Amino acid sequence: MSWLLAFPLLIPFITAVPCYFYAERPEMSARISLMGSLAALVAALLLFLRVSEDGVVAGQMGGWAAPFGITLVADMLSAILVVVTALIGVAVAFYAQGEIEFEQSQIGYHAIFQALLGGVTGAFLTGDIFNLYVWFEVMLIASFGLLIIGGRAEQIDGAVKYVALNLVSTILFLSGIGLLYGVTGTLNMADLNAAVANSEKQGLLSVIAIFFIFAFAMKAAVFPLYSWLPAAYHTPAFAVSAVFAALLTKVGIYSLLRVFTLVFDLEGSFGQDLLLWAAVLTMLAGVAGALAATDIRKVLSYQVIASIGSLVLGLAIYSPLAIAGAIFYLIHNMMVKGVLFMSAGVMTRLTGGSDLRRIGGLYASTPVFALIFLVAGFTLAGFPPLTGFWAKLMLVQASLDANAILPAAVILFVGLLTIWSICKIWLDGFLTAHPEGEAETLPQLGNTLIPLMVPIVGLVALLVLMGLMPNYFIGLAQTASDQLLNPELYIDTVLGVSE
């Protein structure tokens with residue numbers, strides 16, 4: 001059982017080693033990265049199948065029984081996110097074969113990319129809050145390495161802002177961990193459930209909870225702690241932007257969901273009110289930035305922020321339907337953000353730039369790609385019957401059930417403005433004539449762009465399928481929500497494992 005949990009985590013790090021040694025041979029390094037990502041996806045699916053059968057799977061590394069050893073644990077939420085992470089890994093590894101150049105590979109892009117996937121997977125599988133911090137640091141180091149590959153001035157500027165603000169959240173996180181250990185004497189999350197509930201220092205624990213809220217909110221780019229994201233996400237290679245947009249902020253959201261259902265009681269607390277208002281303001285700030293931006297990736301970066309607001313809202317409402325809606329939205333958003341950022345790379349390759357004021361003509365030259373992008377954009381905006389519609393419907397219904405009229409109205413309003421921002425990209429990039437020539441002079445979707453288009457088409461097809469057949473995926477989200485709000489099985493499995 002321990003190996004079943006360890007394989008999705010170990011495979012990316014094992015893959016990183018030959019990727020590094022073959023860095024001077026970009027094609028070989030890229031193929032190794034893709035094969036490793038496929039192996040990780042198989043391992044993730046096997047883990048998901050076991051969790052589907054058993055409910056929760058846990059293992060103690062090194063044979064040390066919980067709560068003293070290092071615990072790996074997967075419930076339905078963790079299993080789903082590990083699968084989606086591996087799926088994004090395969091898509092971006094395939095995409096990188098058509099984008100990452102020799103110099104970037106030589107520096108170690110593929111090895112660092114695999115290390116990032118390992119860090120994200122570790123964060124989803126750890127059962128110990130200190131090891132969650134460790135995996136955050138692995139992610140931070142790997143993401144910084146990916147940000148600066150290329151060495152352009154804007155990359156360095158974005159990377160410095162990214163790291164500086166994330167180090168602040170790291171300090172808050174580590175401070176919260178130290179205080180929590182001082183109060184409870186344990187850092188195993190299953191063990192913390194009872195230790196926090198039975199502690200006599202509830203006032204201090206409320207303060208510690210705020211430390212964690214701010215730390216995770218900064219990792220997730222929640223208002224007003226989001227400035228690092230639009231400063232950084234538009235600067236690296238498009239493959240890097242895609243994996244960042246799909247995964248990094250989502251680990252912050254996962255941490256909020258995990259810690260504030262398992263460790264701290266959010267319902268009725270100051271933290272719940274704080275998250276509710278932060279969610280509303282994050283949605284509004286994100287969509288406002290998307291409407292004001294003119295660079296494709298900056299528009300998409302601000303849309304990432306707006307989406308984070310919807311995810312935080314699900315936790316803030318704190319009902320089974322709201323959290324299920326947030327989980328379904330999380331699955332949808334990870335995939336669609338990856339698709340849109342990879343599509344931005346194709347747009348830039350075809351038109352020669354990413355500034356919407358200086359490109360155009362793509363509908364006339366590549367109508368199939370124009371349609372694919374439109375479907376992905378409408379999925380993000382929540383057009384029925386696509387996945388974004390079902391997720392937002394669940395969140396709106398949960399808000400109305402909780403008499404949270406303002407958040408429900410904001411979700412709908414932001415959805416309309418998201419359509420506007422997507423239409424801005426489509427009108428300027430696809431329908432408007434290119435300022436430097438006719439559509440016939442633009443490059444076509446030839447063989448050189450196949451590695452770029454295959455993952456985009458694959459993910460869009462999967463999103464459409466999920467939208468047309470949502471019941472299965474909504475059922476998974478509801479199961480994950482029930483396990484979060486009723487963590488007894490999680491706790492019993494972790495503390496009762498002896499292998």
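Note that the structure is predicted; figures quoted are calculated from it, not measured.
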Determine whether F260 and I213 satisfy the following criterion, side-chain contact (heavy atoms from CB on, under 4.5 Å), listing intermediate values before the conclusion.
CA-CA 9 Å; F260 287 93; I213 285 178; 3.2 Å; yes

Audit row: L167, V163, side-chain contact (heavy atoms from CB on, under 4.5 Å) steps and yes/no:
CA-CA 6 Å; L167 284 176; V163 170; 3.8 Å; yes

Pair I210, F270 - check side-chain contact (heavy atoms from CB on, under 4.5 Å), show working.
CA-CA 9 Å; I210 299 300; F270 170 73; 3.7 Å; yes

Go through it in stages, so that I can follow the logic: the residues are N333 and S307, the test is side-chain hydrogen bond (donor to acceptor under 3.5 Å, both in side chains), and I'd like the CA-CA distance, side-chain angles, deciding distance and then a yes or no.
CA-CA 7 Å; N333 198 255; S307 300; 3.0 Å; yes

Candidate pair L395 and L321, rule side-chain contact (heavy atoms from CB on, under 4.5 Å), full reasoning:
CA-CA 7 Å; L395 290 171; L321 180 60; over 6 Å; no

Could you go step by step and tell me if T418 and Q303 meet the side-chain hydrogen bond (donor to acceptor under 3.5 Å, both in side chains) rule?
CA-CA 8 Å; T418 300; Q303 287 175 349; 5.8 Å; no

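Between F413 and V287, every side-chain heavy-atom pair lies at or beyond the 4.5 Å cut-off. The side-chain heavy atoms of E267 and D265, taken from C-beta on, include a pair separated by under 4.5 Å. With contacts defined as side-chain heavy-atom distances shorter than 4.5 Å, the pair F68/D191 does not qualify. Proximity of V73 to L125: side-chain heavy atoms (C-beta onward) are nowhere separated by under 4.5 Å. Put simply, the side chain of R258 reaches to within 4.5 Å of the side chain of L484, judged on heavy atoms. F136 places a side-chain heavy atom less than 4.5 Å from the side chain of S255. For the pair L476 and F48, the minimum side-chain heavy-atom distance is below 4.5 Å. Residues T235 and V240 form no side-chain contact, since every pair of their non-hydrogen atoms from C-beta on lies 4.5 Å or further apart.
The shortest heavy-atom contact between N188 and L495 is OD1-CD2, 4.3 Å. What you find for A398 and I317 is that their closest heavy atoms are O-CG2, 3.8 Å. Closest approach of A316 to Q272, counting heavy atoms only: O-NE2, 2.7 Å. Nearest heavy atom pair, residue S37 against residue Q114, reads OG-NE2, 3.1 Å. When all heavy atoms of V251 and A123 are compared, the closest pair comes out as CG1-CB, 3.6 Å. When all heavy atoms of L485 and S319 are compared, the closest pair comes out as CD1-C, 4.0 Å.
Atom CZ of F214 sits in a sparse spot, with 12 or fewer heavy atoms from other residues, nucleotides or ligands closer than 6.0 Å. By the neighbour-count criterion of 12 heavy atoms within 6.0 Å, atom CE of M469 is sparsely surrounded, having that number or fewer from other residues, nucleotides or ligands. Applying the 6.0 Å contact sphere to OH of Y20 captures no more than 12 heavy atoms from other residues, nucleotides or ligands.
Side chain of S169 to main chain of K219: no donor-acceptor pair is present (N/O by atom type, distance under 3.5 Å, no hydrogens or angles). A donor-acceptor pair is defined here as one N or O able to donate and one able to accept, closer than 3.5 Å; no such pair exists between the side chain of D128 and the backbone of I70. Distance alone, capped at 3.5 Å, places no donor-acceptor pair between the Q483 side chain and the L489 backbone. Remark: the backbone N or O of A381 is paired with a side-chain donor or acceptor of K392 at under 3.5 angstrom. Looking only at distances, no side-chain donor or acceptor of S241 sits under 3.5 Å from a matching main-chain atom of F341. For W390 (side chain) and G467 (main-chain N/O), a donor-acceptor pair under 3.5 Å exists by modelled atom type. The main-chain N or O of M342 is found under 3.5 Å from a side-chain atom of Y95 such that the two form a donor-acceptor pair. No donor-acceptor distance shorter than 3.5 angstrom exists from the side chain of N131 to the backbone of V134, with no hydrogens or angles considered. Judged by distance alone, the side chain of K250 and the main-chain N or O of A245 form a donor-acceptor pair under 3.5 Å. Without hydrogens or angle criteria, T479 side chain to G475 main chain gives a donor-acceptor distance under 3.5 Å.
The distance from the CD1 atom of I88 to the CG atom of L459 is 5.5 Å, given to the nearest 0.5 Å. With rounding to the nearest 0.5 Å, the separation of CG in L77 from CD1 in I327 is 5.0 Å. Note that CG of D54 and CG of D75 are 12.5 Å apart. Values are rounded to the nearest 0.5 Å. Distance OG1/T15 to CZ/F113: 10.5 Å, rounded to 0.5 Å. To the nearest 0.5 angstrom, L192 atom CG is 5.0 Å from L180 atom CG. The structure places CZ of F244 at 11.0 Å from OG1 of T249, a figure rounded to the nearest 0.5 Å.
F238 carries R297 over the face of its six-membered ring, with the cationic atom under 6.0 Å from the centre and within 45° of the normal.
Residue pairs meeting the side-chain hydrogen bond (donor to acceptor under 3.5 Å, both in side chains) criterion with at least one member in residues 225-234: none, sequence neighbours excluded. Here side-chain hydrogen bond (donor to acceptor under 3.5 Å, both in side chains) pairs that include residues 195-204, with residues two or more places apart or in two chains, number zero.
A donor-acceptor pair shorter than 3.5 Å can be found between the side chains of S78 and Y254. Between the side chains of D401 and Q397, at least one donor N or O sits under 3.5 Å from an acceptor N or O.
Relative ring orientation between H332 and Y329 is described as perpendicular, the plane-to-plane angle rising above 60° on a 0-90° scale split at 30° and 60°.
Partners of F216 by ring-ring contact (aromatic ring centres under 6.0 Å, His included), not counting sequence neighbours, listed by chain and number: F173, F212.
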